[in-house]
Amino acid sequence: MASGRVDLDGNPIKPITICMIGAGGFIGSHLCEKILAETPHKVLAVDVYSDKIKHLLEPSGSGSLPWADRIQFHRLNIKNDPRLEGLIKMADLIINLAAICTPADYNTRPLDTIYSNFIDALPVVKYCSENSKRLIHFSTCEIYGKTIGCFLPKDSPLRQDPAYFVLKEDASPCIFGPIEKQRWSYACAKQLIERLIYAEGAENGLEFTIVRPFNWIGPRMDFIPGIDGPSEGVPRVLACFSNNLLRREPLKLVDGGQSQRTFVYIKDAIEAVLLMIENPARANGHIFNVGNPNNEVTVRQLAEMMTQVYSKVSAEPPLDTPTIDVSSKEFYGEGYDDSDKRIPDMTIINRQLGWNPKTSLWDLLESTLTYQHRTYAEAIKKAISKPAAN
Ligand SMILES: NC(=O)c1ccc[n+]([C@@H]2O[C@H](COP(=O)([O-])OP(=O)(O)OC[C@H]3O[C@@H](n4cnc5c(N)ncnc54)[C@H](O)[C@@H]3O)[C@@H](O)[C@H]2O)c1
Ligand SMILES: O=c1ccn([C@@H]2O[C@H](COP(=O)(O)OP(=O)(O)O[C@H]3OC[C@@H](O)[C@H](O)[C@H]3O)[C@@H](O)[C@H]2O)c(=O)[nH]1
């Protein structure tokens, strides 16, 4: 497994220690799994939660896990814990995933959103710069905001021209709505931390890579309200729609479900991150879009496809009315706004790392919804039957 591994230029890969902040989240859990199963690297996993990586920390039966000596979990909040700097000093590479990153929070908890995505990330950047540590920082495709094309007249033929909607790391502008549309608090905070990291690179020689994920989805994403998260919580769309399907409720389409997204399978995206980890000479100083331009759908089409796939994996027929429309004000509250369309340009990641996504939207939904059904269907049935029994 570990021996004989080489990078993209044929050089042997040396084992390193990675301090992964936010390791207990959706992306972190998949990245930990991949690193432990397929590489010789060590992980200092930092998070306030560990539920999603419990299977990597504790053996389910007797005996120990094969990677037991290569992962340590440090339960800490990077907001206010003096241990952070020491952990960064112990590592060769720091990966920062920690963030508030669910749209329902951006307009309702803008202060927490800005603090989490900018202020709390500052010491991480500072300690990396001061200690000459390499940093891979997770930003977002939301940095791009809206497309130029969406400001053209509805019937303009230029709307079909990729120059008006394909998002390029080194050329596209960042277009956010007005301040009262607090949705953009997240994108704006992420933009400023990107600029700070870039400036640390330019002025102080920080070795950095910035990742802009375009809607990575798969098992363990967010939570199912009332089962492993708050009943009133609003997760990202995959978990919202999964929750509706599991409870046999119509899927809620915000403002008609006209926004478009490209979805990439988490396992494909993690391959890209591993290439960045193990090919520093090719990844340093770059900002990478990581998405799947071939998996574009409107949110309405996503709802229809998830309904079909879920019916297949659960063997339950779809509802007669599988979707309902809801206004964004009703669903998210005041200050919500939306990205209209998100197609990643793949030139830079292709050129630097030769990475391409593989999994179709149908296939990734099939494996993800199989997981959702297996993980939650029984718990939902129990939760639904409880009030009736009381
Ligand atoms: N999933 C996506 O498609 C996507 C898209 C764009 C950007 N991103 C970015 O990728 C990163 C990871 O996203 P994710 O989907 O895994 O989200 P997630 O919410 O599942 O994971 C984030 C993790 O960070 C931890 N965390 C937050 N604040 C912390 C703090 N102060 N101290 C310690 N731990 C803290 C959380 O507990 C959580 O486990 C985020 O920066 C997010 O903005 C993700
Ligand atoms: O139940 C729902 C949930 C969501 N939606 C819509 O589905 C679309 C996607 O919503 P998501 O919750 O997945 O979040 P978005 O794609 O808007 O933003 C995400 O993008 C990248 C990351 O930085 C973050 O994880 C998040 O900001 C939006 O248009 C939203 O309005 C619904 O129509 N119904």
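First listed ligand is number 1; within each ligand, the first listed atom is number 1.
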Inset, instruction - Among Asp338, Asp340, Asp337, find the residue that satisfies the side-chain hydrogen bond (donor to acceptor under 3.5 Å, both in side chains) test when tested with Lys146. - result: Asp337
Inset, instruction - Only heavy atoms count here, so choose which of Ile143, Asn117, Leu97 is nearest to atom 40 (C) of ligand 1. - result: Leu97
Legend entry - Side-chain donor-acceptor pair present, Arg159, Ser156, cut-off under 3.5 Å: no
Legend entry - Numbered atoms and elements of ligand 2 in range of Ser259, under 4.0 angstrom, heavy atoms: 29 (O)
Legend entry - Under-4.0 Å heavy-atom contact with ligand 1, by part of Ser139 that carries it: backbone
Inset, instruction - Between Phe331 and ligand 2, find which residue part has any heavy-atom pair under 4.0 Å and reply side chain, backbone, both or neither. - result: side chain
Legend entry - Part of Lys190 within contact of ligand 1 (heavy atoms, under 4.0 Å): side chain
Inset, instruction - Number the atoms of ligand 1 from 1 as they appear, then name those within less than 4.0 Å of a heavy atom of Ile78, with their elements. - result: 30 (C), 31 (N), 32 (N), 33 (C)
Legend entry - Which residue and heavy atom of the protein sit nearest atom 18 (O) of ligand 2, plus the separation: Glu142 OE2, 2.7 Å
Legend entry - Distance-only N or O hit between ligand 1 and Ser116, under 3.5 Å: no
Inset, instruction - Just need the protein heavy atom nearest to atom 14 (O) of ligand 2, so name the residue and atom and give the distance. - result: Pro103 CG, 3.3 Å
Inset, instruction - With heavy atoms under 4.0 Å as the rule, classify the contact between Arg236 and ligand 2 as side chain, backbone, both or neither. - result: both
Legend entry - Heavy-atom donor-acceptor pair, Thr262 side chain to Arg342 backbone, under 3.5 Å: yes
Inset, instruction - Starting from atom 4 (C) of ligand 2, find the nearest protein heavy-atom neighbour and note its residue, name and distance. - result: Tyr332 OH, 3.3 Å
Legend entry - Check: Ser129/Glu200 side-chain N/O donor and acceptor closer than 3.5 Å: yes
Inset, instruction - Find all atoms of ligand 2 within a distance of less than 4.0 Å from any non-hydrogen atom belonging to Thr140, and give their numbers and elements. - result: 21 (C), 22 (C), 23 (O)
Inset, instruction - Within a distance under 4.0 Å of any heavy atom of Gly24, pick out the atoms of ligand 1 and give their elements. - result: 39 (O)
Legend entry - Check: Cys101 N/O within less than 3.5 Å of ligand 2 N/O: yes
Inset, instruction - Report the part of Lys52 in contact with ligand 1, treating N, CA, C, O as backbone and CB onward as side chain, heavy atoms under 4.0 Å; options are side chain, backbone, both, neither. - result: neither
Inset, instruction - Measure from the ring center of Tyr198 to the ring center of Phe208 and say whether it is less than 6.0 Å. - result: yes
Inset, instruction - Tell me, please, whether Tyr144 has Arg212 positioned over its six-membered ring: NZ or CZ under 6.0 Å from the ring centre and within 45 degrees of its axis? - result: yes
Inset, instruction - Please identify which atoms of ligand 1 are closer than 4.0 Å to at least one heavy atom of Leu76. - result: 32 (N), 33 (C)
Inset, instruction - Answer with side chain, backbone, both or neither: which part of Asn215 has a heavy atom less than 4.0 angstrom from an atom of ligand 1? - result: backbone
Legend entry - N/O separation below 3.5 Å, Asn96 to ligand 1: no
Legend entry - atom 29 (O) of ligand 2: nearest protein contact (heavy atom, Å): Asp338 OD2, 2.6 Å
Legend entry - Short N or O distance, Leu253 and ligand 2, threshold 3.5 Å exclusive: no
Inset, instruction - Describe, in one word, how the ring planes of Tyr336 and Tyr332 are oriented to each other, choosing from parallel (under 30°), tilted (30 to 60°) and perpendicular (over 60°). - result: parallel
Legend entry - Under 4.0 Å to a heavy atom of Tyr186 - the qualifying atoms of ligand 1, by number: 7 (C), 42 (C), 43 (O)
Legend entry - Nitrogen or oxygen of Asn215 less than 3.5 angstrom from that of ligand 2: yes
Inset, instruction - Determine, considering heavy atoms only, which of Tyr186, Tyr106, Phe214 sits nearest to atom 26 (C) of ligand 2. - result: Tyr106
Legend entry - Atoms in ligand 1 with a heavy atom of Thr140 nearer than 4.0 Å: 6 (C), 7 (C)
Inset, instruction - Indicate, as side chain, backbone, both or neither, the part of Tyr115 found under 4.0 angstrom from ligand 1 when only non-hydrogen atoms are considered. - result: neither
Inset, instruction - Can you pull out the closest protein heavy atom to atom 27 (C) of ligand 1? Residue, atom name and distance to 0.1 Å, please. - result: Ala99 N, 3.5 Å
Inset, instruction - Examine Gly28 against ligand 1 and note whether any of their N/O atoms are separated by less than 3.5 Å. - result: no
Legend entry - Tyr336 heavy atom under 4.0 Å from ligand 2: yes
Inset, instruction - Tell me yes or no: between the side chains of Ser367 and Tyr265, is some donor less than 3.5 Å from an acceptor? - result: yes
Inset, instruction - Output yes when Glu142 and Arg183 qualify as a salt bridge under the 4.0 Å nitrogen-oxygen rule, no when they do not. - result: yes
Inset, instruction - Any atoms of ligand 1 less than 4.0 Å from a non-hydrogen atom of Tyr49? List them with their elements. - result: 37 (O)
Legend entry - ligand 2 to Val254 polar contact by distance, N or O atoms, under 3.5 Å: yes
Legend entry - Option whose closest heavy atom lies nearest to atom 38 (C) of ligand 1, chosen from Asp47, Ile21, Leu238: Asp47
Inset, instruction - Output the list of atoms in ligand 2 that are nearer than 4.0 Å to some heavy atom of Arg261, sorted by atom number. - result: 9 (C), 15 (P), 16 (O), 17 (O), 28 (C), 29 (O)
Inset, instruction - Return yes when Arg183 approaches ligand 2 closer than 4.0 angstrom through a heavy atom, no otherwise. - result: yes
Legend entry - Distance from atom 8 (C) of ligand 2 to nearest protein heavy atom, with residue and atom: Val299 CG2, 3.6 Å
Inset, instruction - Answer yes or no: does atom CD1 of Ile324 have more than 12 heavy-atom neighbours from other residues, nucleotides or ligands under 6.0 Å? - result: yes
Legend entry - Contacting atoms of ligand 1, where contact means under 4.0 angstrom from a heavy atom of Gly22: 23 (C), 24 (O), 25 (C)
Legend entry - Heavy atom of the protein closest to atom 34 (N) of ligand 2 (residue, atom name, distance): Lys252 O, 2.7 Å
Inset, instruction - Considering only non-hydrogen protein atoms, determine which one is nearest to atom 20 (O) of ligand 2 and report residue, atom name and distance to 0.1 Å. - result: Arg342 NH1, 3.1 Å
Inset, instruction - Please identify which atoms of ligand 1 are closer than 4.0 Å to at least one heavy atom of Val48. - result: 33 (C), 34 (N), 37 (O)
Inset, instruction - Please confirm whether Lys190 comes under 4.0 Å of ligand 2, counting heavy atoms of the residue only. - result: no
Legend entry - Pair Thr102-Asp105, side-chain donor/acceptor within less than 3.5 Å: yes
Legend entry - Arg195 atom CZ, over 12 foreign heavy atoms within 6.0 Å: no
Inset, instruction - Output yes when a side-chain donor or acceptor of Arg261 lies under 3.5 Å from a complementary backbone atom of Leu302, and no otherwise. - result: no
Legend entry - Any side-chain donor near an acceptor of the partner, Ser50 and Arg75, under 3.5 Å: yes
Inset, instruction - Evaluate side-chain hydrogen bond (donor to acceptor under 3.5 Å, both in side chains) for Glu278 paired with His41, printing each intermediate quantity in order. - result: CA-CA 10 Å; Glu278 300 195 321; His41 309 311; 2.7 Å; yes
Legend entry - Under 3.5 Å side-chain donor-acceptor pair for His137 and Glu194: no
Legend entry - Residue, atom name and distance, where the atom is the protein heavy atom closest to atom 11 (P) of ligand 2: Val237 N, 3.6 Å
Inset, instruction - Return the option from Gly25, Cys101, Ala98, Ala23 holding the heavy atom at the smallest distance from atom 19 (O) of ligand 1. - result: Cys101
Inset, instruction - Sort out for me which residue in Lys54, Lys34, Arg220, His55 forms a side-chain hydrogen bond (donor to acceptor under 3.5 Å, both in side chains) with Ser29. - result: Arg220
Legend entry - Heavy-atom donor-acceptor pair, Ser116 side chain to Ile100 backbone, under 3.5 Å: yes
